[in-house]
Amino acid sequence: MLKLRHAVVREVENASPAAAEQQLVIELAGEGLPMRAAVADVRLVGRAEVGDELVVNVQALDIGLGSGGFDIVHVNLTRGLRGGDAEGAHVMKLNYTSLQHAVKPVEDERLVLPVRRPVAVLALHGQLAAVAWAFSQGAPGRRLGYVQTEGGALPGGHSRTAAELRRRGLLDCHLTAGAAFGGDGEAITTAGALHHGLRGLGWDAAVCGPGPGIVGSSSALGHGGMCALDSAHAALALGCPTVVVARMSSGDERARHRGLSHHTRTVLELLLGPATVALAAGMDLESPDLERAAAARPGGLARHDWRATRVDLAGFAASGLAGETMRRGVREDELFFGAALAGGAALAETITGARGDEDALARR
């Protein structure tokens with residue numbers, strides 16, 4: 001069952017009318033517990049004010065999820081029962097749940113193939129800012145769109161990074177696909193979102209991946225990083241040059257994520273077609289680890305186009321964009337951000353054709 005509790009709003013931390021999500025401080029009614037953090041998706045449950053009575057879902061906070069350190073507003077009993085239908089909305093998102101709501105999908109009636117415009121596929125939302133910044137440096141003036149998929153947070157309004165990138169002009173548009181919702185446009189499928197953005201909206205390139213946080217486990221296939229496999233397949237099927245942004249780490253304490261993460265390795269092994277994988281030139285790429293993996297499954301990793309790409313870690317660190325993963329900044333995990341910057345640079349190179357002095361890695 002849903003773990004729902006009655007609560008009262010004691011503080012509203014961001015009262016901006018433009019905010020898609022509110023951060024609240026709440027008190028659970030009659031339980032004598034300390035104040036708690038909560039978030040409200042304004043597009044789903046409306047805006048809250050101090051004194052409002054809420055029903056909140058407390059489960060993520062109660063079980064101590066790393067990326068769920070807050071309660072979620074399920075319904076605002078004081079002012080949240082006034083919602084209506086959006087004009088033209090006829091497809092449900094979060095369908096057959098108590099949070100189902102109608103949207104107007106962006107999918108085009110015509111399918112025009114091949115699309116041919118490039119797509120970068122993320123493993124984690126934490127890579128988004130670095131990819132978008134590096135793309136803007138390598139292909140200034142080109143339009144980059146973001147397709148948010150499953151695998152992490154589903155509400156589009158939960159991504160402060162996407163909102164900041166939009167504000168700075170580093171992202172042209174933010175579409176939410178599948179079970180994800182709340183973007184600038186709603187797509188039924190990832191393929192539909194990519195086709196609409198690249199064909200209908202005229203994006204020069206797309207970046208595709210999950211929202212903040214990630215569904216995780218230590219198993220080979222039971223984690224949100226596997227959504228990258230679906231996204232890459234959708235991009236390849238549409239005829240898009242596809243860059244897999246490698247999840248790598250020099251600072252993660254978990255061995256399975258050091259060097260090339262098992263998340264990315266599994267996706268590359270299972271992909272039905274070859275993709276480009278960019279790595280940061282001059283950094284410790286854990287090459288013996290990659291070579292052992294390629295030797296063990298030569299049909300999996302070696303068939304991809306591995307590239308060494310120059311990156312500007314100092315420039316990204318100075319940009320003021322979100323530069324943190326699992327509470328590690330650029331200095332604490334240079335390999336993570338270097339790989340993400342390399343992915344953005346490779347995406348730009350796919351458009352501009354510029355490689356400079358960079359060479360393809362000899363991993364065939």
Side-chain angles (χ1 to χ4, degrees), residues 66-67 119-128 130-131 147-153 177-180 190-191 194 207-237 240-280 284-307 325-326 333 335-340 342-343 346-347 361 363-364:
S67 59
V119 175
V121 175
L122 304 181
L124 289 172
H125 192 71
Q127 297 170 316
L128 177 61
V131 170
V147 173
Q148 180 178 331
T149 68
E150 301 173 12
T190 298
L194 289 172
V207 58
C208 184
I214 188 170
V215 179
S217 76
S218 59
S219 65
L221 300 177
H223 53 79
M226 288 305 299
C227 290
L229 181 64
D230 299 332
S231 297
H233 280 151
L236 289 170
C240 298
T242 302
V243 177
V244 174
V245 182
R247 178 178 180 178
M248 305 187 76
S249 179
S250 53
D252 201 309
E253 296 180 356
R254 297 164 294 181
R256 64 183 183 273
H257 292 306
R258 297 278 291 197
L260 183 69
S261 168
H262 79 103
H263 284 194
T264 296
R265 183 179 304 163
T266 301
V267 167
L268 294 174
E269 289 173 349
L270 294 179
L271 260 177
L272 296 177
T276 296
V277 189
L279 304 177
D284 179 7
L285 304 178
E286 303 279 348
S287 55
D289 178 57
L290 289 177
E291 289 167 1
R292 283 195 298 271
R297 296 181 179 85
L301 294 185
R303 65 203 167 105
H304 299 294
D305 176 19
W306 295 82
R307 297 183 185 181
T325 177
M326 302 291 289
D333 204 337
L335 191 53
F336 178 89
F337 293 99
L347 186 68
L361 286 178
R363 298 192 187 283
R364 296 175 172 80

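Keep in mind the model is a prediction, meaning the values are calculated, not measured.
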Minimum heavy-atom distance between [X] and [Y], given as atom pair plus value:
X: F337; Y: A130; result: O-CB, 4.5 Å
X: P210; Y: G152; result: CB-N, 3.6 Å
X: V245; Y: A340; result: CG1-CA, 3.8 Å
X: A234; Y: T190; result: CB-CG2, 4.4 Å
X: L271; Y: A232; result: CD2-CB, 3.6 Å
X: L347; Y: A120; result: CD1-N, 3.7 Å

[X] side chain near [Y] side chain, heavy-atom distance below 4.5 Å:
X: L270; Y: L221; result: yes
X: D305; Y: P274; result: no
X: L236; Y: L272; result: no
X: Q127; Y: V207; result: no
X: L194; Y: V119; result: yes
X: D230; Y: T149; result: no

Going through the distances and angles, do V244 and H304 end up as a side chain to side chain contact (heavy atoms under 4.5 Å, CB included)? CA-CA 10 Å; V244 174; H304 299 294; over 6 Å; no
Apply side chain to side chain contact (heavy atoms under 4.5 Å, CB included) to the pair V267 and V121, showing each step before the final yes or no. CA-CA 11 Å; V267 167; V121 175; over 6 Å; no
Listing, residues 222-229 side-chain donor-acceptor contacts under 3.5 Å, not counting sequence neighbours, or none:
{"unit_1": "H223", "atom_1": "ND1", "unit_2": "G225", "atom_2": "N", "d": "3.1"}
{"unit_1": "H223", "atom_1": "ND1", "unit_2": "M226", "atom_2": "N", "d": "3.4"}
{"unit_1": "H223", "atom_1": "NE2", "unit_2": "A220", "atom_2": "O", "d": "3.0"}

Let me know which of R265, H263, H262 forms a side chain to side chain contact (heavy atoms under 4.5 Å, CB included) with R247.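 Exactly one pass, corresponding to H263.
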Which residue is it: L268, V277, T264? I am looking for the one with a side chain to side chain contact (heavy atoms under 4.5 Å, CB included) to L301.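 Among L268, V277, T264, the one that satisfies the side chain to side chain contact (heavy atoms under 4.5 Å, CB included) with L301 is L268.
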How far does OG of S261 sit from CG of L124, to the nearest 0.5 angstrom?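 Going from OG on S261 over to CG on L124, the span is 7.5 Å.
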Could you pull out all residues at least two apart from A339 that satisfy side-chain contact (heavy atoms from CB on, under 4.5 Å)? M248
For the side chain of Q148 and the backbone of A153, is there at least one donor-acceptor N/O pair under 3.5 Å apart?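 Between the backbone of A153 and the side chain of Q148 there is a qualifying donor-acceptor contact (under 3.5 Å).
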